[in-house]
Number of protein chains: 2
Amino acid sequence: MKATINDVAKLAGVSIKTVSRVMNNEPSVRQPTREKVMAVVEELNYQPNLAARNLAGTKSFSIAFIYDNPNAYYVIDMQNGILAACKKQGFELLIHPCDAKADNLLAEITKMVKHSRIAGLVLTPPFSEQPEFVQQMKDLDIEVVRIVSGDIAPDDIAPCIMVNDHAAAQSITQHLVDLGHKKIGFIAGEAEHRSTVERLRGYKQALVDNAITLDESLIINGEYSFESGVKGAKELLNGEEKPTAIFSCNDEIAAGALFASRLMGISIPEQLSITGFENSPFSRQTWPTLTTADQPNQQIAEDAANLLIACSRKQKNNSETQQYTPQLVVRDSTGKAS
Amino acid sequence: MKATINDVAKLAGVSIKTVSRVMNNEPSVRQPTREKVMAVVEELNYQPNLAARNLAGTKSFSIAFIYDNPNAYYVIDMQNGILAACKKQGFELLIHPCDAKADNLLAEITKMVKHSRIAGLVLTPPFSEQPEFVQQMKDLDIEVVRIVSGDIAPDDIAPCIMVNDHAAAQSITQHLVDLGHKKIGFIAGEAEHRSTVERLRGYKQALVDNAITLDESLIINGEYSFESGVKGAKELLNGEEKPTAIFSCNDEIAAGALFASRLMGISIPEQLSITGFENSPFSRQTWPTLTTADQPNQQIAEDAANLLIACSRKQKNNSETQQYTPQLVVRDSTGKAS
DNA sequence: TTAACAATTGACAGCGCTGTCATTTGTTAA
DNA sequence: TTAACAAATGACAGCGCTGTCAATTGTTAA
């Protein structure tokens, strides 16, 4: 059967407490002792029993991922990244999809947290962008790591993994400018999402950098969906100032824009360039494939989880911040301005 | 702080063992006693500590979902369904994405199962369709519930939730026939998937039922992807026997077929009808929206998890089987034959 | 009414680990 | 060399629950 701490202790000729110390990387264990124990651990392929640890100790070995996001690709990527970190660190992951607008949300999460002794939470938008919510979690004595859009942390209540949408949007736009485009349409996502705001900011910055006058009529309010892309593109292409390129706030919008353009008999990229954002599987399933910005969600999530675990062990503090800048991926949906 | 079994026992004036019995729905507790205990449980909002249960008992309160599937929508649906069942039954869910072709797969799963004391597994294709794998799991003394395509269970090693792709494909095809179509193309998914086989079988059955001669040249081998849909549709539409309708083995293929048709200047559904399969979000993100078959994955998964939990409590046996037939959803991609 | 049995309840050990605190060992300075 | 202290290790209780088995209570038939 499975080896227990007793087996290890006996074989190594030490007390179970010492084995425990080694397993938890505690100080004041002499190096030779540590090695002796580790050797036996390897030999017996010993792994501490999570239930026993949870029951006996005050520390927790679980983190949770709560989310409210209709984008399955995004959720799966995040989840896989967190799972990878958990696996490496011997943590357990609790998955908790929920409704960000539910009244009993706080009660629900509190219950889960208390019941399962959660060390911390990985938060994605919209949760990560609600300072009050983050504060409430901290008040419950739960560590939090947030994934948010921007280039500077909003506060130091909890650590952040920043996604520099601003810089990424800027480089996508620059790519279009470099191809000779001057009239660049912009189809936005939901205005409430910080990512939308940041991406628009990057787009505008690139225009300024290249001394291109901003044309407000080229900016369409939309949402992160295929339909919105279809609608936005039609609006742009039927407008006065017909653009030669369209910056879409994500890949789904871009797919919609692509579709609308095709319907209108506009060939891509010859007559119109279109860009996406996120580099989701979606962007490889359109035709032509989409030029986009690669947002390494899985890596981001793994980092977030690692940071969270470190925080729960007091190895890192709240002001810890990391930053990712999605990188331009040039595919077939962009070309020289006609 | 949180109430423990001791608090409940004291307040109810019984021993902790009796509380335990009530919590586990064991027999031989007198009704009045049971009620008395339950009242206190309610009052204190008592919930048994999972770690303690796992440590003390022989029973397990965790199930796992292992999968190898690139379709994020599918995975999320399944996961949500399983999660719903777990929540209701006080179980924990371990998520375990993995590579079905990895050599160390069995070792990996064995390790997880032993380490976390898993009661059972929810298996989806490809795992669910490998009898040897299922048998290996049972040999490890793990309950298994499989979600498989077909109308009769392949064996009684483990319970099955059957998805009657045959009947669903038949009714989609019948829908096309009813619209006057006689030359109906078929773009298949991977031949290794039972779902492909079953859907093809349903398609053929419908043709037979309507005395339409099967034209093998109208059947295209493909895979479950957008690109495959594009390719398959082109092949069909450039062929000798140009079909007036295309049955696609899933929504992604259908989206590809839709795209290809548009490119070729064929208007949908006026000149060509196209159907999908699965009713994934994908089918609502195309234009026109897809006629498809609704496969209630979340519900299926919830049922599977409930069945699994029942089995782990020996309340159900291995020959237990449930069946779902995906229902036709008529949208805008199908119309009268021209 | 009572023995004989079944149904119900309880006492207690122990699951595998960690926290606390006592004990042992090693190290330093006088 | 030794006292005085710090570092390393161990003994032991107990986390909250379940399994085992013994004790109690209720029920039945003679």
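All figures in this text were calculated on a predicted structure; none of them were measured in a lab. Within every chain, numbering begins at 1; the chains are lettered A, B, ... in the order of the sequence lines, protein sequences first and strands thereafter.
- Look at Glu92(B) and Lys87(B) and you find no salt bridge, because none of the NZ, NE, NH1 or NH2 atoms lies under 4.0 Å from a carboxylate O.
- Partners of Lys138(B) by salt bridge (charged side-chain N to carboxylate O under 4.0 Å, His left out), not counting sequence neighbours, listed by chain and number: Glu143(B).
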- Test side-chain hydrogen bond (donor to acceptor under 3.5 Å, both in side chains) on Asn306(A) and Gln89(A) and set out the steps. CA-CA 8 Å; Asn306(A) 278 325; Gln89(A) 313 241 19; 2.8 Å; yes

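- Of all nucleotides in DNA chain D having an atom under 4.0 Å from a heavy atom of chain A, the first and last in 5' to 3' order are dA8(D) to dG16(D).
- Checked for salt-bridge contact, Asp7(A) and Lys2(A) miss the test: no charged N lies under 4.0 Å from a carboxylate O.
- Ranked by how close their nearest DNA chain D nucleotide is to the 5' end, Lys17(B) and Ala51(B) are led by Ala51(B).
- Taking 4.0 Å as the cut-off between side-chain N and carboxylate O, Lys88(A) and Glu302(A) count as a salt-bridged pair.
- By the side chain to side chain donor-acceptor pair (under 3.5 Å) test, Asp99(A) pairs with no residue at all, sequence neighbours left out.
- Rounded to 10°, the helix from dT1(C)-dA30(D) to dA30(C)-dT1(D) has 30° between the axis fitted to its first five pairs and the one fitted to its last five.
- Using a 4.0 Å heavy-atom distance criterion, Tyr46(A) is classed as a sugar-phosphate-only contact.
- For the pair Ile5(B) CD1 and dG10(C) P, the computed distance is 12 Å after rounding to whole Å.
- Listed by chain and number, the residues in a ring-ring contact (aromatic ring centres under 6.0 Å, His included) with Tyr46(A) amount to none (sequence neighbours excluded).
- In this structure, the separation between OG1 on Thr18(B) and CE on Met23(B) is 13.5 Å, given to the nearest 0.5 Å.
- Proximity of Ile95(A) to Gln79(A): side-chain heavy atoms (C-beta onward) are separated by under 4.5 Å at one or more points.
- Using a 4.0 Å cutoff on non-hydrogen atoms, the parts of residues 20-42 of chain A near DNA chain C are Ser20(A), Asn24(A), Arg30(A), ordered by number.
- No side-chain N or O of Asn297(B) forms a donor-acceptor pair with one of Tyr73(B) less than 3.5 Å apart.
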